[in-house]
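Notes for the one structure printed next.
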Amino acid sequence: MSSSVMTNNVKDDQIDESLYSRQLYVLGKEAMLKMQNSNVLIIGLKGLGIEIAKNVALAGVKSLTLQDNKPIELEDLSTQFFFTEADIGKPRDEVSKIKLAELNAYVPISVLEPILEERQLEPFQVIVATETMSLEDKIKLNNYCHKRGIKFISTETRGLFGNVFVDFGDKFTVIDSTGEEPRSGIVSDIEPDGTVTMLDDTRHGLEDGKYVRFTEVEGLEKLNDGTLFKVEVLGPFAFRIGNVEKYGTYKKGGIFTEVKVPIKMSFKSLQDSISNPEFIFSDFAKFDRSGQLHLGFQALHYFVIKHNGQLPRPMNEEDANELIKLVSDLAVQQPNVLGDAPVDKKLIKELSYQARGDIPGVVAFFGGLVAQEVLKACSGKFTPLKQYMYFDSLESLPDSKEFPRNEITTAPIGSRYDNQIAVFGADFQRKMANSKVFLVGSGAIGCEMLKNWALMGLGSGERGGIIVTDNDSIEKSNLNRQFLFRSKDVGRNKSEVAAESVIAMNQDLAGKITPKIDKVGTETEDIFDDAFWQSLDFVTNALDNVDARTYVDRRCVFYGKPLLESGTLGTKGNTQVVIPRLTESYSSSRDPPEKSIPLCTLRSFPSKIDHTIAWAKSLFQGYFSDAAENVNMYLTQDNFIEQTMKQTGDVKGILESINDSLNNRPETFDDCVRWARLEFEKKFNHDIKQLLYNFPLDAKTSNGEPFWSGAKRAPSPLIFDINNPNHLDFIIGGACLRAFNYDIPVDEALPVDHFKKIIDNMPIPEFVPITNLKIQVNDEDPVPNANNPIGDELDALVASLPDPFVLRGFHMNAVEFEKDDDTNHHIQFITACSNCRAENYSIELADRQKTKFIAGRIIPAIATTTSLVTGLVNLELYKVVDQKTDIEQYKNGFVNLALPFFGFSEPIASPKGKYNDKTYDKIWDRFNIYGDITLKALLEHFEKEEGLEITMLSYGVSLLYASFFPPKKLKDRYDLPISQVVKLVTKHEIPAHVKTMILEICADDKQGEDVEVPFITIHL
């Protein structure tokens, strides 16, 4: 047997799973293969063009071609992250080609000479035209593409404004409009009129017009032939599929599964649609702006032509009025665009003033959005944007009089930030440069964040700075979306490489960015101490887990710092802004907990592949991790058995595991193979036969109903077959992992015949039912044997354990689950184990990739969503720097690029509380006490100054004071400083780095009523 069989390493010449693994869970293999047969051309390589190109290259297409031979100018550096001052004067496409080629070795990058003949465009499946091409030329190019079935996208940004137009031809097929997992469920009844009811009030989750197929229906067997039925939703627990009376009468059983049916879409050309556009709205609060901007962007193109291809620097009021006139003329020529609405002169004037602007956040937003449309064009996966979308973030403009915007403040100053100054003004640029910010995490979002900050010049000033921390190192799978990292960086610390990369982008950050490798948490509060948090202007999270997010949120609330929060899940993304004394905090609302699988379902009654995968992972943990750890503790801890006997868990199981691990120690790899074969027989044959012994196929419930019905699928025992890949992989994976436990060498090149010979020559015990064994049927039922005395049995097990002294020095290697190493047999074993159990219960099997996704709890990720979400965060960042106090100007966002859907909402205001006649902010307010005040003085202070009688005072879980304490106990504490009271009660010194203490209080108001009040902060 070759090593490839030993590791179950799927070799596919077309997809490198180790690189694309997270993206595969977003797009799927079919879409990825289609993308890898697509040639893409991007015209224009300023910031927007390179952002699209970067995301498309990371995603993995067949080839990426660039066209923009204009010389690099200083102003390009505002958003073109691959350009430096040293590149000024060189062709944009040649410099971009070199840098893009580093991102993905599977995507060749080439340069196309200026387009002189249409035949130059024939090789491409998708063409993207950005702002370097005139509207007239875009129309000509699109007409050519539309006739020849080449997908075409036009996009451009102007300051805080941007747009995209999509044309995928007359007949475009979408193979999967949402990308969501197909719904499935168990049927409890099918009526003659076709009404299908779900079992146990389980929601079906379907929508009108979707299609389903059925399996395992009894009585209406015709439904099981694969026919697709269109769904009419009747409610959350029922749907109708049309009259089924002619097929017979429903008896029992049945599983429905949603089937994705391809849909056809038709697009109009740019020329045909421009006067009668179809809009998708990016923000329903700005519903009326799409038409205005549709005419405004057209007018800008005509304005540029009129002014010899150039925009004035900067645009003045005369220019703005000229643009308004052009828009008014277009409104007459294209009456369907605005209808009866007048031209919004204020909006068009702002578009005019920002026309030269180039903002990293807007570019990142459209770069992610357009790149995702490119991938849709290549693959047919997800619903394309149809056809125009306009977006603006005018709320990001500064309100403060501190940052005036006029012809003088927005004029160019010969800096790389001129295109940002054109929008925000030079004074605001200086404020950003002198901001001190903390970035927690430098993975996918962190890389994008730092790139945008480098372009913005954030923290680059004399008083500014960026601190970035991440305790993780770079892995190959990161390279697909964490674009600051390259192959040569694998194994290095993320934060350090990210810092080096952005300094190379912008030398202004040299000496201004500090990378750390410390995890932010309670254990590092001596590093991220009071002085550290107090020095910050704001904090940005780039984290991948809720616990870390909530910890940072608590710190930000405590120190009163704004927090920018975001996250992605495949094509979905969200952003949240947390502003002191204005909005609620991140922790104010939480997602509902994941629905857990009932234990009885896992142990005996699985009905879905998720159940068998969870069971397999649990078995993996028990076999190869818990067993080894229990052995090591037994051999090294004198009181291990005593402590174990006091436990309420599976004491017998722990003792049996130690007994088997020590008394049946393998000496050779062949012994490990024999162990795996016996475990196969036990788990997939004997245990199933025992279950059927307890509950025969014809068993009835107490109500006289068939026991094996509904969610309970009747199992069948497996007969071992070495030619079954799952059976063989269970043996191979199990044997290799047990060999690892015992430090036994493994020959990865052993042939299958070697395993067959061992198995054929070993005795396999016959099944003998355990007549008194009870099996729990429902989680709410009492646990069988829970009250049965098994002391003698446990004593016998303990007596059978070998003396630890005899095994002194023996140690087992516990396996630590690692999903991304294809050579360690972890996913191989779990996949085989899950699929064998699925065979037992006639559940559809899952391939290695799906098993890895579920068992490894992998978060699907793609660079496009990350780019877009980071862009939205940075548009909120401008508001934070401006210190806006109007909550209506902030935006929390949710996007789903698969649909595509964009939703923005005002943050929820922080709640208020009241005691006596005082109103306070429940999240952000606290009582600040400066100095190590005595307990007596503290109590008197609150009674005198706040009208509050403190009834209880606590520090963490320690009660420092209570009104019901006996007088002597209080006397010992009254005159002590609070820090000494804490030391007295907790028996611990306060760490030297702690400069503030949080005390929680219960208090009565002037009327003697118990009231909710803020906590106390003692500033030592």
Side-chain angles (χ1 to χ4, degrees), residues 431-442 446 449-450 453 458-471 493 495-496 498-499 509-543 548-565 578-581 585-587 877 880-881 883 923-933 938 955-956 977-980 982-983 986 988-1000 1014-1020:
K431 177 72 180 291
M432 279 203 306
N434 285 310
S435 297
K436 189 169 184 182
V437 298
F438 184 31
L439 177 64
V440 189
S442 57
M449 204 70 70
L450 287 171
W453 291 359
L458 184 72
S460 62
E462 184 179 341
R463 297 187 303 278
I466 298 172
I467 303 98
V468 54
T469 193
D470 196 315
N471 65 332
N493 293 321
S495 59
E496 293 172 352
L509 286 177
K512 293 295 178 181
I513 182 165
T514 305
K516 290 181 174 291
I517 57 172
D518 307 288
K519 181 180 179 181
V520 180
T522 54
E523 65 273 26
T524 55
E525 288 181 0
D526 57 330
I527 298 171
F528 304 108
D529 56 14
D530 288 8
F532 171 82
W533 287 98
Q534 288 165 356
S535 71
L536 302 173
D537 289 306
F538 63 88
V539 180
T540 304
N541 270 347
L543 292 161
R549 285 183 167 112
T550 52
Y551 175 81
V552 174
D553 178 65
R554 290 198 304 272
R555 295 280 86 187
C556 288
V557 168
F558 181 75
Y559 292 103
K561 301 299 177 182
L563 172 66
L564 294 168
E565 174 61 66
V578 176
I579 305 297
R581 303 188 61 78
S585 71
Y586 170 80
S587 305
L877 184 153
V880 172
V881 172
Q883 297 180 320
I923 294 175
W924 298 98
D925 275 338
R926 76 284 313 270
F927 295 116
N928 287 296
I929 304 293
Y930 294 91
D932 198 1
I933 191 172
L938 182 72
Y955 176 74
I978 287 295
S979 63
Q980 292 301 310
V982 169
K983 179 181 175 182
T986 65
H988 292 291
E989 294 278 357
I990 296 173
H993 69 272
V994 172
K995 304 299 180 188
T996 53
M997 295 168 53
I998 302 173
L999 307 180
E1000 293 191 44
F1015 58 79
I1016 301 172
T1017 301
I1018 305 288
H1019 300 266
L1020 298 175

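This one's a predicted model, so the numbers in the text were calculated from it and none came from an experiment.
When all heavy atoms of F532 and L536 are compared, the pair lying nearest together is O-CG, 3.5 Å.
A heavy-atom distance below 4.5 Å is not found between the side chains of D537 and N434. With a 4.5 Å cut-off on side-chain heavy atoms, F927 and L999 do not count as touching. Contact annotation: the side chain of F538 approaches that of V881 to within less than 4.5 Å [non-hydrogen atoms, C-beta and beyond]. For the pair I527/H993, no side-chain contact is recorded, criterion being any heavy-atom separation below 4.5 Å from C-beta on. F1015 has its side chain within reach of F558: a pair of non-hydrogen atoms, C-beta onward, lies under 4.5 Å apart.
Put simply, CD1 on I978 and CD1 on I929 are 9.5 Å apart, with the number rounded to the nearest 0.5 Å. Residue M997 holds its CE atom at 5.0 Å from OH of Y955, rounded to the nearest 0.5 Å.
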* To do: Under the side chain to side chain contact (heavy atoms under 4.5 Å, CB included) rule, what do N493 and D470 come out as? Steps first, then yes or no, please.
  => CA-CA 8 Å; N493 293 321; D470 196 315; over 6 Å; no
Would you sort out whether Y559 and T996 count as a side chain to side chain contact (heavy atoms under 4.5 Å, CB included), showing the intermediate values? CA-CA 10 Å; Y559 292 103; T996 53; 4.3 Å; yes
Practice item. Apply side chain to side chain contact (heavy atoms under 4.5 Å, CB included) to the pair F528 and K516, showing each step before the final yes or no. Key: CA-CA 11 Å; F528 304 108; K516 290 181 174 291; 3.7 Å; yes
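R549 places no side-chain N or O within donor-acceptor distance of the main-chain N or O of N541, the cut-off being under 3.5 Å. In this structure, the side chain of S442 engages the main chain of S495 through a donor-acceptor pair within 3.5 Å. Checked by atom type and distance alone, the side chain of K512 pairs as donor or acceptor with a backbone atom of G461 at under 3.5 Å. Under a 3.5 Å cut-off, the side chain of K519 and the backbone N or O of T469 do not form any donor-acceptor pair. Of the possible polar contacts, none joining the W924 side chain to the G560 backbone as a donor-acceptor pair under 3.5 Å is found. Side-chain atoms of K995 never come within 3.5 Å of backbone atoms of H1019 as a donor-acceptor pair (strictly under, hydrogens ignored). Under a 3.5 Å cut-off, the side chain of D932 and the backbone N or O of S979 do form a donor-acceptor pair.
With a 6.0 Å cutoff to the six-membered ring centre and a 45° limit on the axis angle, R554 does not count as a cation-pi contact of Y551.
In this model, no donor atom of one side chain and acceptor atom of the other lie less than 3.5 Å apart for T524 and D518.
No more than 12 heavy atoms of other residues, nucleotides or ligands sit less than 6.0 Å from atom CD of E1000. More than 12 non-hydrogen atoms from other residues, nucleotides or ligands lie less than 6.0 angstrom from CD of E496. Within 6.0 Å of the CD atom in E462, the count of heavy atoms belonging to other residues, nucleotides or ligands does not exceed 12.
Exactly one of V578, I923, D553, V552 qualifies for a side-chain contact (heavy atoms from CB on, under 4.5 Å) with S587. That residue is D553.
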